[in-house]
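By convention in this document, chain letters (A, B, ...) are assigned in the order of the sequence lines, proteins followed by strands, and residues within each chain are numbered from 1.
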Protein chains: 2
Amino acid sequence: MDTKAKIAVLERAKLFGGLARDVLAASAESAQIKLIEKGSVLFQQGDEATSHYVVAWGRLRLDQTTPDGKNVVLRFMGPGDLVGSVAVWRGVPYPATPLAVEDTRLLVWSAARMMDLMQCHPPLSMKAMVMMGGRIEELQERIQQVATQQVERRIAATILKIAGQSGRKVETGVEIPFPVSRQDLAEMTGTTLHTVSRTLSAWIDDGILEGRRSSHLTICRPHRLVEIADQA
Amino acid sequence: MDTKAKIAVLERAKLFGGLARDVLAASAESAQIKLIEKGSVLFQQGDEATSHYVVAWGRLRLDQTTPDGKNVVLRFMGPGDLVGSVAVWRGVPYPATPLAVEDTRLLVWSAARMMDLMQCHPPLSMKAMVMMGGRIEELQERIQQVATQQVERRIAATILKIAGQSGRKVETGVEIPFPVSRQDLAEMTGTTLHTVSRTLSAWIDDGILEGRRSSHLTICRPHRLVEIADQA
DNA sequence: CAGGAACTTTGCGCTGGCGCAATGTCCGGC
DNA sequence: GCCGGACATTGCGCCAGCGCAAAGTTCCTG
């Protein structure tokens, strides 16, 4: 992967998209490459935070384990997404574990390198703030959901969000191109595997969804899901 | 309130604390003052985001209303806290409404002024990122709580958090020096007024808390609350 | 100090969703 | 082609917490 290819990745990255040519070039040059296989982790929750990552290809699931052993899926991350930066900036351990759900390639910067880049290119730190702001609003919306809405609506909203970020059009509808298990959905919506399974079964019977398997989940009638997610 | 007084406020503010003298002076000079009374709002959710605020004194409750009319309390904010900035940076409407629960005085900067300050003083934007990172982790923790823990633990954790931020030692324990109604606690923990009331009643009977009134809530046995919040 | 608003308490019945456990289905490896 | 493991489905019983409704407190206002 040469600098040119790195720049191409950065152009589509949330932190860098739209920035000036020279910023991209400088950033790309100082980036290392890292490859991790499906099923392995990028780092462990609790590790000292030393690096910033941007996903070039592939997909990660960000998991947080609670002290009492429960697991929460914070989000899925794909090409262009920034990983680990918040902890590096704050100087605290990584608060969650990114697990590759596909073979994944990332760009890597050390804390010091990225700090340099930001000092030299103020627009980069502005961009970072805008991005983090987006995360904050997303999280607030999710709190609002899990605090006020019932399970069925939360599951519908979660599936729609994943599909919106990563869905691919296929002939029968919109397919989610990486495996999302019932367990994953449960850990994203704050419910149990069983309740998710029952809910999806009902939707499959209604023709809203297809795919009893964690891979190949496909939405056949998106508008019906939207109705469920938005119903008062 | 002269510049000197403003600087004193900024020294204790999360965004500015620990920064160089000249940054504080420049920031203080460009700040306006705004006063709002208990019960009134600083701005409305949905308003165009034009200003950054720092609480000088007093206290605000940040409320978010959902499309279907439910309300969520995102957090309480006190002296030193930053209000509104995330929306200004992102160029989106304010996503929530800050309501004064005490008479409150704030410092105000226009979007442009704050942008200038940040361009001139990179440490300021670094600080902003660290702060936003803190918010992100806090929100992630809260999602984890509301998604995995039962109501009693969530209420205990919420009360402890408020007390940790704002509690004052009094002879019978730690008092929360501003009114927090059962409804507020319900909207912070994602439960109902009734459940909160029942839970607190039980705790009052056990001597863990005092204060059947929304003002003057006092924690008599903090360690017992910690036990409840942490129990597996 | 009387009246009313705001807030809290509490009893009761109900139900959404959990937990368990048994069973079914798909896939990959040998 | 068979076996083992991972994942999904589904029936059943139960209970934490909700919703309603009625009554009790506390505080403010005139």
Could you state the CG-P distance from B:Leu193 to C:dC7, rounded to the nearest angstrom? 10 Å
Nearest to side-chain heavy atoms of A:Thr191, which nucleotide of C:dC18, C:dT9, C:dT8: C:dC18
Decide side-chain hydrogen bond (donor to acceptor under 3.5 Å, both in side chains) for B:Ser201 and B:Arg212; before the verdict, give the C-alpha distance in whole Å, the side-chain angles of both, and the deciding distance to 0.1 Å. CA-CA 8 Å; B:Ser201 291; B:Arg212 301 226 164 238; 3.3 Å; yes
In whole angstroms, the gap separating C1' of C:dT9 from CG of B:Leu209 amounts to 15 Å
Expressed in angstrom and rounded to an integer, what is the separation of B:Glu187 atom CD from D:dC18 atom P? 13 Å
State whether A:Ser197 places a side-chain N or O below 4.0 Å from either non-bridging phosphate oxygen (OP1 or OP2) of D:dA8. no
Kindly say if B:Ser201 contacts the phosphate of C:dT10, meaning a side-chain N or O under 4.0 Å from OP1 or OP2. yes
With a cut-off of less than 4.0 Å, is there a side-chain N or O of A:Arg213 near OP1 or OP2 of D:dA8? no
Return the value, rounded to whole Å, for the distance between atom CD of B:Gln149 and atom P of C:dC18. 15 Å
Within less than 4.0 Å of OP1 or OP2 of C:dC26, is there a side-chain N or O belonging to A:Arg212? no
Side chains of B:Met132 and B:Trp89: does their closest heavy-atom pair fall under 4.5 Å? yes
Between NE2 of B:His216 and P of D:dT25 the distance, given in whole Å, is 19 Å
Atom CG of B:Leu200 and atom C1' of C:dT8: how far apart are they, to the nearest Å? 10 Å
C:dT9 C1' sits how many Å from B:Trp203 CH2, rounded? 16 Å
Is a donor-acceptor pair below 3.5 Å formed from side chain A:Arg198 to base C:dG19, judging by atom type as modelled? yes
Do A:Lys14 and A:Leu82 have side chains that approach each other closer than 4.5 Å (heavy atoms only, starting at C-beta)? no
For B:Ile36, run the side-chain contact (heavy atoms from CB on, under 4.5 Å) check against B:Leu42, B:Leu99, B:Asp103 and tell me which one passes. B:Leu42
Donor-acceptor contact present, side-chain A:Asp184 to main-chain A:Ser181, <3.5 Å: yes
Measuring to OP1 and OP2 of C:dC18, would you say a side-chain N or O of A:Thr192 lies under 4.0 angstrom away? yes
Result for 5'-nearest mapping on DNA chain C, choosing between A:Gly190 and B:Arg182, is B:Arg182
If you take atom types as modelled and just measure distance, does the side chain of A:His194 reach the base of D:dT10 with a donor-acceptor pair under 3.5 Å? yes
Interatomic distance, A:Arg153 CZ vs C:dG17 C1' [rounded to whole Å]: 17 Å
